[in-house]
Amino acid sequence: MTTIAFIGLGNMGLPMARNLLRAGHLLRVFDLVADSVAELAREGATAAQSAHDAVIGAEIVISMLPASRHVEGLYLGESGLLASLQAGTLVLECSTIAPESARSVHRAAKERGIHMLDAPVSGGTAGAAAGTLTFMIGGDPAYVAHARPIFELMGKNIFHAGPDGAGQVAKVCNNQVLAVQMIATAEAMAMGVANGLDPATLAEIMRQSSGGNWTLEKYNPWPGVMETAPASKGYSGGFMAELMAKDLGLAQETAQHFGNSAPMGALALQLYRMLLKQGKGKQDFSIIQQLFIE
Ligand code: NAD
């Protein structure tokens, strides 16, 4: 039984923390939203009054926050958590943030003898609830081995991507491919349907042909084609369009860091920004379908 501080109990963090709790670990939890803390406290976690309170006595600290600025705000600076953690504490930072931001937290952690891994996830809220997330991890392989039993309670694929920040690089590469596939699928669905095809028939033909891809397998953006997809539930649940836009922005920064060009990612980012301007940022990212329908 390990004492774990879990900070950030949003759409992803709450179900991830719940899986650790159910496995019998002692959880000290904190979020700015008191209701989320209270919900887990009712299930047996210890409600903390602040992030600093949450980490008292914790051997492992896990964070699942929205973006780079939240993570840097939590860990860095005189009032940041790194200043008060014991040397040897293991930090599993699971948010999706800029690789450079993750590396700056890694550097600060090393200076204090704190072991950190950047460990962003893929698999969405359903994967978080089912404990089937994919973890893409950057950092020392010895720490990955040490943390593996904890990751395995929340995920089924645990990848060591490489050194500090590598998990975040893998994550933005993956999400850029996902966005481009989603847009290409939405564009083709709209074109086929406008030309008289039945959406379900078109989706099945492409799925079984050379255009087949993850979005056609699991996440068709056309309403009614896949009962379980967010498109069939008014584009609710799933992965918010504004988070996809954030990830595409991180992908552009990552490409530019070493002078790479990523034109497909750049176009995908522009299309998602158009969607956000239409006020659709809080809906599932497959709502990009609506850009192609008059
Ligand atoms: P969310 O907005 O639902 O949750 C973030 C939580 O962090 C909120 O509850 C917020 O109150 C809390 N928070 C922010 N600052 C805090 C602080 N200083 N101290 C304590 N709590 C704080 O977001 P989410 O959907 O859970 O996503 C979290 C991360 O996971 C993001 O980086 C996102 O890109 C990534 N991600 C999300 C999904 C998804 O499907 N939602 C999938 C993969 C990865």
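The structure displayed is predicted, hence computed values, not measured ones. Both counts, for ligands and for their atoms, begin at 1 and track the order of listing.
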One thing to verify: whether E39 and R18 come together as a salt bridge, which I'm taking to mean a side-chain N less than 4.0 angstrom from a carboxylate O. yes

If you count only heavy atoms, which residues are under 4.0 Å from ligand 1? I7, G8, L9, G10, N11, M12, F30, D31, L32, V33, M64, L65, P66, H70, S95, T96, V121, G124, T125, K171, G238, F239, L243, K246

Should the pair R103-E93 be classified as a salt bridge under the 4.0 Å nitrogen-to-oxygen rule? no

Step through the shown structure and confirm whether more than 12 heavy atoms of other residues, nucleotides or ligands are within 6.0 Å of CD on Q86. no

Could you tell me how the ring of H115 sits relative to the ring of Y143: parallel (under 30°), tilted (30 to 60°) or perpendicular (over 60°)? parallel

Can you tell me if M264 has over 12 outside heavy atoms packed within less than 6.0 Å of its CE? no

Taking the six-membered ring for Trp, are F285 and Y219 ring centroids under 6.0 Å apart? yes

